[in-house]
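Both ligands and their constituent atoms are indexed starting at 1 by order of listing. Only heavy atoms go into these numbers, but all of them, side chains included; no hydrogens, no water, no symmetry mates.
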Amino acid sequence: MAVIGKKAVKKVTTPKIKQTKLLINNKWVDPVEGGSFKTYNPATGEVIAKVAEASAKDIDLAVKAARKALESGPWATMDAADRGKLMFKLADLIEKNAEELAVLESYNCGKTITDARGDLVGTINTLRYYAGWADKIEGRTVPVRGKFLSYTLRQPVGVIGQIIPWNFPLLMLAWKWGPALACGNTIVLKPAEQTPLTALRVAELAIEAGFPAGVINIVNGFGETAGNALVIHPGVDKIAFTGHVETAKIIQKKAADTLKRTTFELGGKSPNVVFADCDLEQAVEGAFHAIYFHCGQCCTAGSRLFVEQKIQKEFVERLAAKAKQRKVGDPLDESTQQGPQVSQEQLDKILHYVALGQREGAKLVTGGQRKGAKGYFIEPTIFDGVRDEMAIARDEIFGPVVSVLPFKDFDEVVARANDTFYGLAAGVWTKNIDKAHNYAAAVKAGTVWVNCYHIVDTTTPFGGFKMSGQGRENGEEALDHYTETKTVTVNLA
Ligand code: ADP
């Protein structure tokens, strides 16, 4: 475990912004066309920095730098073990600067300082896990017919365009960098336009760690411009994307022209099923965490809460009592449990769904209101008596809004849980071991949590069934998406 967050810091001070440029070929540069955009503090709505904005011309320079580093120079010939060493060094530097990074993450993204510190632990763990893999990615010898020796080599895919979202800026960076670097690829990363700051600070640490020029490049900017330029660039071999399902459809179509490899980690409308034979206290706690962790801004949020009818009334009462007590406020205050949503756009979207839920006849049990006039805060919200066809039960809201859907029996709830084009995660609460395993087998989701929720570890594969994604991140599985397998056959006759 990384040792961070042990010091009791009572009032965290506003961080200093150290870097706002683009990183191309280990140089901090201004964009060719001189563009810039503002980044905000979601807790106040105030501008905190102006950041360099990449256009297609900057993307081209970054891709060329990444290609050069891939094909010549120290990275191309480096021993795998030395690649691992660089990654360990980067993890150490992040750990050394963890508190600064956690504060910066909280400041730019709105997550509570406690959650941000947790993300730092995950970020460090991920880089160390994949650093360990660097010299363990092996091919096979294959018993072919005839007098031949056949073996496989696992080589880097090439230049990887990585496009990440705003909800877990550092963790998503680590999930993308870890396997890519371990396998010897080079990177052009586009952070989300809402949250570019921590990626830039970590890139400074990567230079300090000694990564050669061109291995890691950072291009801040918008999706339709910088992101699109990366997707259509012929010098990019693969796009690794985390974000909205509609964006992934656009990317897949555009990537088709160059037949790029793509991996997608997308949204969800995850079913969290509570059977009457659960440990009620534990299930209420778990269902609460499932929806409200990071203000519901998680692709795995347990937003469809199926509760067995027998316990529905008591369950909703207990959940509502907790929601009313939740401390919503300044994310840099250590006692805060819920910070702001990331942007005005997200806040408006959530309020739209709250109104829609009421119009469609769901019962608003608690919450539903914006909190304060400054920043993007919203009350934890519960809808009861939701029906499957309602928009609040079908669409990903990406906010602290849970839909309680009553059910009567196992087969019914499994069918309803699976009645969605999403398939990222699912939860189940029961003390009956048969029920738990039968549910885990039947539910169509890449991750199933039994009597727990949001347990994500760098060692276990993560990704979606159906339209929640393609490919897997984390674990050994992620390495398959960052290597090409080459068969070599030698004539021994
Ligand atoms: P959200 O709605 O949660 O912001 P998006 O899918 O729009 O999710 O954003 C996730 C990432 O995808 C961001 O880095 C964003 O800039 C990028 N992005 C958005 N649109 C495109 C696009 N057309 N091409 C490439 N990247 C895009």
Does either side chain, that of N167 or that of H294, offer a donor lying less than 3.5 Å from an acceptor on the other one?
no

What pairs with Q19 under side-chain contact (heavy atoms from CB on, under 4.5 Å), at least two apart in sequence or on another chain?
K21, W28, L200, E204

Those residues that, when tested against Q252, pass side-chain hydrogen bond (donor to acceptor under 3.5 Å, both in side chains) (two or more places apart):
Q470

Which residues share a ring-ring contact (aromatic ring centres under 6.0 Å, His included) with Y453, sequence neighbours left out:
W449

Exercise answer, ligand 1 polar atom pairs (N/O) under 3.5 angstrom:
from	atom 1	to	atom 2	distance (Å)
ligand 1	3 (O)	W166	NE1	3.3
ligand 1	4 (O)	W166	NE1	3.1
ligand 1	6 (O)	H244	N	2.9
ligand 1	6 (O)	T247	OG1	2.7
ligand 1	14 (O)	I164	O	2.8
ligand 1	14 (O)	K190	NZ	3.1
ligand 1	16 (O)	K190	NZ	2.8
ligand 1	16 (O)	E193	OE1	2.6
ligand 1	16 (O)	G223	N	3.2
ligand 1	24 (N)	G223	O	3.3

Axial cation check for F421 ring with K269, 6.0 Å and 45° limits:
no

Between the side chains of K238 and T263, is a donor N or O closer than 3.5 angstrom to an acceptor N or O?
yes

